[in-house]
Amino acid sequence: MPHLAHIALIVRDYDEALAFYVGKLGFTLVEDSAVPDQGKRWVTIRPPGAGAGATTLLLARAATPEQTAAIGNQAGGRVFLFLETDDFARDNAAFTAAGVRFLEVPRREAYGIVAVFEDLYGNRWDLIERR
């Protein structure tokens, strides 16, 4: 059965991206392998608690001016990724303590509690706990 294996996230630098996603958001590093003939790395991460078969984020270092221009704006200013949690209060507090920038206070919607935050590049994410 086909499934989404990876979602490419354009980054400026692998290590600064890892410091944010692993260090501040608690993501798990799945793979970090050199691709020597291309001068890049294959770096994949997944949210904490996600199983081995879960979709991963592929951290893709920008290699062209067009790619560099897309860093932080992969969704044209809309929320790009949705990080679902089983405990909004816990993760909101942990992210805030780690210096993650929330663009709004948490709000209750018909589907659950949610707040928009930015990653280190300015991509918008929803932190969401479904009802």
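By convention here, the first residue in the shown sequence is residue 1.
A donor-acceptor contact closer than 3.5 angstrom is absent between the side chains of Tyr111 and Glu129.
Between Thr44 atom OG1 and Leu29 atom CG the span is 7.0 Å, to the nearest 0.5 Å. Note that the CG atom of Leu25 and the CG atom of Leu83 stand 7.0 Å from one another [nearest 0.5 Å]. Taking CD of Glu31 as the reference point, atom OG1 of Thr28 lies at 14.0 Å (rounded to 0.5 Å). Here Lys24 contributes atom NZ and Phe95 contributes atom CZ; the two are 11.5 Å apart, rounded to the nearest 0.5 Å.
Hydrophobic clustering (ILVMFWY, side-chain heavy atoms < 4.5 Å, transitive): Val79 and Leu127 are in distinct clusters. In the hydrophobic cluster analysis, where Ile, Leu, Val, Met, Phe, Trp and Tyr join through side-chain heavy atoms closer than 4.5 angstrom, Trp125 is grouped together with Ile113. Linking Ile, Leu, Val, Met, Phe, Trp and Tyr residues whenever their side-chain heavy atoms come within less than 4.5 Å leaves Phe82 and Phe27 in two separate clusters.
Contact of the Thr96 side chain with the Asn92 side chain is registered, since non-hydrogen atoms from C-beta on lie closer than 4.5 Å. Counting heavy atoms from C-beta on, the side chains of Asn123 and Leu81 never come closer than 4.5 Å. Side-chain atoms of Ile128 and Phe88, non-hydrogen and from C-beta on, never get closer than 4.5 Å to each other. Residues Tyr21 and Asp119 are in side-chain contact: their nearest non-hydrogen atoms beyond the backbone lie under 4.5 Å apart.
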Under 3.5 Å, which donor-acceptor pairs link side chains of residues 46-61 to any protein atom two or more places apart or in another chain?
from	atom 1	to	atom 2	distance (Å)
Arg46	NE	Ala50	O	3.2
Thr55	OG1	Leu4	O	2.7
Thr56	OG1	His6	ND1	2.6
Arg61	NH2	Gly39	O	3.0

Scan the side chains in residues 70-78 for donor-acceptor partners under 3.5 Å anywhere in the protein, sequence neighbours excluded, and list what turns up.
from	atom 1	to	atom 2	distance (Å)
Asn73	OD1	Gly76	N	3.4
Asn73	OD1	Gly77	N	2.8
Gln74	OE1	Ile10	N	2.5
Gln74	NE2	Ala8	O	3.3

Show the numbers, then the answer: is there a side chain to side chain contact (heavy atoms under 4.5 Å, CB included) between Val30 and Ile45? CA-CA 5 Å; Val30 177; Ile45 59 174; 5.5 Å; no
Assess the residue pair Arg90 and Thr85 against the criterion (side chain to side chain contact (heavy atoms under 4.5 Å, CB included)); give the C-alpha distance rounded to whole Å, side-chain angles, the decisive distance to 0.1 Å, and a yes or no. CA-CA 9 Å; Arg90 174 198 65 215; Thr85 178; 3.4 Å; yes
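For Arg107, the side-chain hydrogen bond (donor to acceptor under 3.5 Å, both in side chains) criterion is met by Glu104, Glu109, not counting sequence neighbours. Partners of Phe102 according to the ring-ring contact (aromatic ring centres under 6.0 Å, His included) rule, which considers only residues two or more places apart in sequence or in another chain, are Phe117. The ring-ring contact (aromatic ring centres under 6.0 Å, His included) test applied to Phe80 returns no partner, not counting sequence neighbours. Scanning for side-chain contact (heavy atoms from CB on, under 4.5 Å) contacts around Val105 gives an empty result, with sequence neighbours left out.
Between Arg41 and Asp15 a salt bridge is recorded (basic side-chain N to carboxylate O distance below 4.0 Å).
For Arg131, the CZ atom is densely surrounded, since the number of other residues' heavy atoms within 6.0 Å is greater than 12.
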